[in-house]
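Structure first, commentary second.
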Amino acid sequence: MKFFVDTADLNDIRDLAATGLLDGVTTNPSLVAKSGHSNFVDLIKEICAIVPGPVSAEVAATDFEPMLAEGQYLAKIARNVAVKVPLTPAGLKVCKTLSDQGTMVNVTLCFSAAQAILAAKAGATFVSPFVGRLDDIGENGMQLIADICQIYQSYSYFRTEVLVASVRNPIHVVEAAKMGAHVATIPPNVIRQLFAHPLTDKGLAQFVVDWQKTGQKILPEGSGKG
Ligand code: G3P
């Protein structure tokens with residue numbers, strides 16, 4: 001399973017990329033606004049230089065022609081840009097055009113299995129179903145992931161990867177993994193939660209104390225590493 005970080009914050013991206021566990025980045029207009037960066041193209045360029053995997057950069061236009069022009073422009077920023085388009089008729093038309101031109105496309109704002117079928121037929125590299133926002137309105141976000149995974153598995157010629165978005169907690173990530181979703185895009189705080197367990201902290205503290213009791217060192221004297 002691939003982990004993307006869902007943020008436009010360069011400090012978080014650098015910090016999480018250093019773990020070696022980050023496979024990509026997703027941004028959206030709201031995240032860019034939150035980051036405070038005033039030059040979107042430069043921001044994407046910088047992110048693409050930090051993380052070699054796919055970096056989603058979202059178009060701003062909603063009509064076909066300007067959206068396609070923006071997508072083609074964004075695709076030229078770096079070879080690892082995935083152009084993000086909304087799941088609308090115009091967005092899917094742009095998806096098909098860009099995919100045919102060899103550009104990675106992430107179709108975003110997916111809220112139904114029917115929409116996910118359309119994204120796959122349009123040649124999307126990724127489809128982004130928003131689980132948290134469905135949960136927010138009393139629907140079952142993870143059921144949508146299960147449905148899309150099941151449908152995509154039935155058609156081997158569907159190459160689209162299920163990119164679980166609007167992730168709110170580690171349970172979303174684990175459930176997505178159990179369903180075989182290809183990717184989860186996860187906010188930085190939730191990625192950090194994935195590492196944490198109180199028994200890990202407690203167990204490590206005990207190991208440190210007990211190791212000190214042995215009076216030993218693993219590295220030989222003079223190795224220069226403590
Ligand atoms: O990046 C798209 C998606 O992950 C946004 O999530 O938390 O704004 O619903 P959220």
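Just follow the structure's listing: the first ligand is 1, and inside any ligand the first atom is 1.
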Main chain of Asp9, side chain of Ser35: is a donor-acceptor contact present, judged purely on distance under 3.5 Å?
no
Tell me which pairs pass salt bridge (Lys or Arg N to Asp or Glu O under 4.0 Å) where either residue lies in residues 161-180, with sequence neighbours left out.
Lys2-Glu161, Asp136-Arg168, Glu175-Lys178
In chain order, what residues pass the side chain to side chain contact (heavy atoms under 4.5 Å, CB included) check against Ala177, with sequence neighbours excluded?
Met1
With rounding to the nearest 0.5 angstrom, report the CG to CG distance, Asn169 to Leu194.
9.5 Å
Determine the sole option in Asn28, Thr125, Thr26 for which the side-chain contact (heavy atoms from CB on, under 4.5 Å) test with Asn106 is passed.
Thr26
Donor-acceptor contacts under 3.5 Å from residues 80-88 side chains, at least two apart:
| unit_1 | atom_1 | unit_2 | atom_2 | d |
| --- | --- | --- | --- | --- |
| Asn80 | ND2 | Cys48 | O | 3.3 |
| Asn80 | ND2 | Val51 | O | 2.8 |
| Asn80 | ND2 | Pro52 | O | 3.3 |
| Asn80 | ND2 | Gly53 | O | 3.0 |
| Lys84 | NZ | Thr27 | O | 2.9 |
| Thr88 | OG1 | Gly91 | N | 2.9 |

Counting only heavy atoms and a distance below 4.0 Å, can you name the residues contacting ligand 1?
Asp6, Asn28, Lys84, Phe130, Arg133, Ala165, Ser166, Arg168
